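Data block below; observations after.
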Amino acid sequence: MPGIQFVSIVLAFSLAALLPVLCLYILLSPGFAAALAAGGPSLARFLRQVTTNGLPVVFAVNYVSFFLFAVIQKPKVARRDTAFFVLVDILLRAILFPSLHALIYVLSADWFESFGGSRATALSVVAPTLARSAFFENISGVYLYATMISALPLYVSAFGQSEFLGPTVRRLPIKAGLMLLALFAFALSVGLIAIGAQGIAYLQG
């Protein structure tokens, strides 16, 4: 597949995953929908946040996962058990998601004078923010769960093709078992991000 076409597909999937979760977050946040409907600075800041932070983060994480999904469709090229790529994806998510937040927060401080224009302040809020994202308590939780659209196809396919996990998978109802394993793997990635962020927040005092 041409690179531009692959990027376009990942972008389309990222938008398709982001918008429903974003709408759910707005509906569950008291007074948020009314504030956005009123327009003005609140709406402008919200749209800027989603455009400059949410979409790039979701796109980047999804890009990696869809790339790995493409790799495991050619197991002879991969030369590893496909379950290995689930571990790779989980670890990359645990690194990429916080790192991109940190980078974008710093750039936002420079470009938009967010966080009082302070890079130090921007970095200091990354860990506490991500520590709560797993519980859908802030908009970063929207971005986190929007990446599920790329995780589940990768994990289901990888577990289904895995020779190492084959005996375990065959003991379960095939479709339900694969989905449960995929959801567990995604939950593990979410947990690693939240626990890592909580640990950093604790060290920050």
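Remember, it's a predicted structure, so these values are computed and weren't measured experimentally.
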Residues L11, L55; criterion side-chain contact (heavy atoms from CB on, under 4.5 Å); working and verdict: CA-CA 9 Å; L11 181 60; L55 186 57; 4.2 Å; yes
Going hydrophobic residue to hydrophobic residue with side-chain gaps under 4.5 angstrom, can you get from [X] over to [Y]?
| X | Y | answer |
| --- | --- | --- |
| F32 | L43 | yes |
| L24 | L183 | yes |
| L152 | I9 | yes |
| L15 | I26 | yes |
| V7 | V64 | yes |

Please go through [X]'s hydrophobic cluster and name the other residues, only I, L, V, M, F, W, Y counting, with side-chain heavy atoms under 4.5 Å joining them.
| X | value |
| --- | --- |
| V106 | L123 |
| L107 | L103, W111, F112 |
| F184 | none |

Test your reading of the model: is there a side-chain donor-acceptor pair from [X] to the backbone of [Y], 3.5 Å cut-off?
| X | Y | answer |
| --- | --- | --- |
| S99 | L96 | no |
| T51 | R48 | no |
| D81 | S162 | no |
| N138 | T129 | yes |

Just how far is it from atom [atom1] of [X] to atom [atom2] of [Y], taken to the nearest 0.5 Å?
| X | Y | atom1 | atom2 | value |
| --- | --- | --- | --- | --- |
| I193 | L188 | CD1 | CG | 10.0 Å |
| F159 | L178 | CZ | CG | 8.5 Å |
| L47 | S42 | CG | OG | 11.0 Å |
| I72 | R80 | CD1 | CZ | 14.5 Å |
| L154 | S65 | CG | OG | 5.5 Å |

For residues 99-115, pull every pair meeting salt bridge (Lys or Arg N to Asp or Glu O under 4.0 Å), keeping only residues two or more places apart or in separate chains.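 Listed once each, the pairs are D110-R119.
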Please list all pairs meeting salt bridge (Lys or Arg N to Asp or Glu O under 4.0 Å) that have one or both residues in residues 83-94, counting only residues at least two apart or in different chains.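 Listed once each, the pairs are D89-R93.
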On a heavy-atom basis, which atom in [X] and which in [Y] lie closest, and how many Å separate them?
| X | Y | value |
| --- | --- | --- |
| L144 | F186 | O-CZ, 3.7 Å |
| P98 | V126 | O-CG1, 4.1 Å |
| A146 | L18 | CB-CA, 3.9 Å |
| A94 | L192 | CB-CB, 4.1 Å |
| Y155 | A182 | CD1-O, 3.4 Å |
| A197 | A131 | CB-N, 3.6 Å |

I want to check something: taking the side chain as every heavy atom from C-beta on, are [X] and [Y] in contact at a cut-off of under 4.5 Å?
| X | Y | result |
| --- | --- | --- |
| L130 | S133 | yes |
| L22 | I139 | yes |
| S157 | F69 | yes |

Residues V142, V50; criterion side-chain contact (heavy atoms from CB on, under 4.5 Å); working and verdict: CA-CA 10 Å; V142 172; V50 172; over 6 Å; no
Can you list the steps and then say if F85 with V71 is a side-chain contact (heavy atoms from CB on, under 4.5 Å)? CA-CA 9 Å; F85 292 93; V71 169; 3.9 Å; yes
Going by side chain to side chain donor-acceptor pair (under 3.5 Å), name the pairs with one or both residues in residues 188-205, residues two or more places apart or in two chains. none
What about Y63 and F6, are their ring centers closer than 6.0 Å? yes
Candidate pair Y105 and F115, rule ring-ring contact (aromatic ring centres under 6.0 Å, His included), full reasoning: CA-CA 8 Å; Y105 279 21; F115 312 103; 5.1 Å; yes
Can a side-chain donor-acceptor contact be found between H101 and S140 if the only test is distance below 3.5 angstrom?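 Yes, side-chain donor-acceptor contact under 3.5 Å.
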Regarding S108 and Q49, do their side chains bring together a donor and an acceptor under 3.5 Å, going by distance alone? no
Look at atom CD1 of I4 and say whether more than 12 heavy atoms of other residues, nucleotides or ligands are closer to it than 6.0 Å.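 Count not over threshold, so no.
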Crowding at CZ, F59 (>12 non-hydrogen neighbours, <6.0 Å):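 More than 12 heavy atoms, drawn from other residues, nucleotides or ligands, come within 6.0 Å of this atom.
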Only residue of F136, Y143, F46, Y145 satisfying ring pair (Phe, Tyr, Trp, His ring centres under 6.0 Å) with Y25 is F136
